[in-house]
Amino acid sequence: MKNQEAWDTLRRECAGCQGCELGRTRSNLVFGVGNPESEIMLIGEGPGEQEDLQGVPFVGPAGKLLDSMLQMIDLDRNKVYIANMVKCRPPRNRDPQPAEQVACRGWLNRQIELVDPKIIVCLGRIAAMGIIKDDFRITREHGQWFTLGGRMYMATYHPSALLRDPSKRPEAFMDLRALRKEIREICTRTY
Ligand code: URA
């Protein structure tokens, strides 16, 4: 794998991070999963219970839905790279606090640098506000493309939100179709 040493160092350093309180209460670091050489990166919010227990992003109920969403557009978690805004589980699945996101941001920034994706998809409003713009409105701006620093960014509903409110699923499906179209247009490999 390209940059293997850099990835190993990053993961090791991240595992030792005590930049915020979450490092003390987590069971496992939830670093990232998928293909680190993909041109497509997905960014979620933070680990839930199952992720914390297994040390892998999106393996709980929201993860199962994410897998079927990816399948709808011929993707799977081995074709993309998936990471979260924060790498340690916030207690009782609360939103990661701004200070926790800031403390964790350097790790995510390094992951983005190493993957160097052409497309970043933010899953949910927390990731969209952290990555695209701080006043991002998910209901109004999901599915829209933003160009930032030579990459294409889009946000869609978080799979947990789609589990809570299935009436949003058709809109999320339109976002996925827009993603599939963008992949066809700008990615150099086939997915
Ligand atoms: N929700 C997220 O945002 N990330 C995960 O890894 C799991 C659930």
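Everything quoted here is computed from the prediction, not taken from an experiment. Both ligands and their constituent atoms are indexed starting at 1 by order of listing. Just the heavy atoms: all of them, side chains too, but no hydrogens, waters or symmetry mates, feed the values below.
The residues lining ligand 1, counting any heavy atom closer than 4.0 Å, are Gly44, Glu45, Gly46, Glu51, Pro57, Phe58, Asn84, His158.
In this structure, the separation between CE on Met152 and CD1 on Ile40 is 13.5 Å, given to the nearest 0.5 Å.
Closest approach of Val30 and Glu51 over heavy atoms only: CG2-O, 3.3 Å. Nearest heavy-atom pair across Thr156 and Ile138 is O-CD1, 3.5 Å.
The aromatic ring centres of Phe146 and Phe136 sit less than 6.0 Å apart.
Heavy atoms from other residues, nucleotides or ligands lying under 6.0 Å from CE of Met72 number more than 12.
Listed by chain and number, the residues in a side-chain hydrogen bond (donor to acceptor under 3.5 Å, both in side chains) with Thr188 are Glu39 (sequence neighbours excluded).
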